[in-house]
Amino acid sequence: MTVAANTVLPPSPKRRPVVWSSPLTYALALAVAAVSIAPVVYVIIGGFRTTPQIVANPAGLPDPWVWDNYARVLTQSDFWTQAFNSAVIALGTTLGVVVLGVGAAFVLARYTFRGREGLYTFFTLGLLFPAGAAILPLYLMLRDLNLINSYYAVILPQVAFSLPLTIVILRPFLAAVPRELEDAAAIDGTGRIGFLWRIMLPLSRPALVTVGILAFVASWNAFLLPLLVLGDVDLHTLPLGVQNFSSQYTSDTAGILAFTSLSMLPALLFFTLAEKQIVGGLQGAVKG
């Protein structure tokens with residue numbers, strides 16, 4: 001049986017678009033937010049309680065609110081020493097990641113040479129390599145270089161392990177800048193470095209903020225690498241300080257929660273204040 005040539009076939013049913021404003025979407029988003037935020041809120045509020053209150057009612061609210069735990073932590077010299085060490089290492093890591101990441105991403109995005117895509121693939125494969133698997137050979141290498149018990153023993157490996165993600169985020173931004181702008185800058189006498197500094201970096205600000213904040217937060221929260229390479233107590237960072245405080249005051253649960261909340265507060269503030277920039281940077285990387 002054949003179909004006549006002038007027969008009009010019924011249109012195929014169209015797929016219904018996903019409605020992101022549906023109540024189910026909001027419910028899932030609230031559930032994910034609750035799972036992520038609830039532990040942080042519990043730790044912060046727990047610092048305003050006493051240990052007997054926590055033992056009697058672990059999920060309760062402070063009654064009354066106690067400020068002594070936070071005051072006791074803030075008056076300890078060890079806390080400020082560890083905060084200074086964390087800040088130096090995190091800022092050094094962030095600076096190294098941004099500078100080296102911009103340089104590598106600029107070359108991979110704007111230069112044409114043999115093996116460019118292979119080199120980029122090599123960097124992306126770094127995302128699949130777990131840092132924990134390299135701890136032992138990394139420690140031996142740092143020991144042979146006489147870098148143990150120094151800031152460099154933490155900063156250099158963290159920069160190396162952060163570069164793959166940094167290049168993956170930055171390259172699409174740098175590649176998306178029109179060639180016409182580069183040609184116009186060259187006509188005006190601007191070299192490659194000047195073009196990068198004056199035009200590329202301002203246009204790639206969301207990506208730069210994204211990689212900077214991600215590197216800072218990851219460095220601030222790092223625990224395993226500082227634990228292995230920083231044997232000197234005077235060089236300990238805040239995550240190590242939390243462990244030391246917990247070991248020293250095992251029965252002071254409220255004090256431990258106060259120390260923990262203060263140690264994570266800077267990274268939490270950085271991430272919260274730059275949330276929109278981070279979302280914009282990741283969206284641009286995905287589009288590219």
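Given the structure is predicted, the values throughout are model-derived calculations rather than measurements.
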*Is R192 positioned over the aromatic face of Y111, cation under 6.0 angstrom from the ring centre and no more than 45 degrees off axis?*
yes
_Parallel, tilted or perpendicular: ring planes of Y70 versus F48, cut at 30 and 60 degrees_ = tilted
*Once the angle between the rings of F245 and Y249 is folded into 0 to 90°, is it parallel (under 30°), tilted (30 to 60°) or perpendicular (over 60°)?*
tilted
*Would you confirm whether the ring centroid of W80 sits within less than 6.0 angstrom of the ring centroid of F84?*
no
*Begin from the C-alpha positions of L225 and F161 and carry the test side chain to side chain contact (heavy atoms under 4.5 Å, CB included) through to its verdict.*
CA-CA 12 Å; L225 181 61; F161 284 110; over 6 Å; no
*Are side-chain N/O atoms of Q82 and T237 paired as donor and acceptor at under 3.5 Å?*
no
*Looking just at side-chain N and O atoms, do N85 and H236 make a donor-acceptor pair shorter than 3.5 Å?*
no
_Contact list for residues 252-262, test salt bridge (Lys or Arg N to Asp or Glu O under 4.0 Å), sequence neighbours left out_ = R72-D252
_Between V88 and V229, is there shared hydrophobic-cluster membership here, with clusters defined by ILVMFWY side-chain heavy atoms closer than 4.5 Å?_
yes
*Output all residues satisfying salt bridge (charged side-chain N to carboxylate O under 4.0 Å, His left out) with R171, sequence neighbours left out; order by chain, then residue number.*
E117
*Could you check if a side-chain atom of P178 sits within less than 4.5 angstrom of a side-chain atom of L181, using non-hydrogen atoms only?*
yes
*asked:* Using the side chain to side chain contact (heavy atoms under 4.5 Å, CB included) criterion, which residues pair with V55? Sequence neighbours excluded.
replied: T51
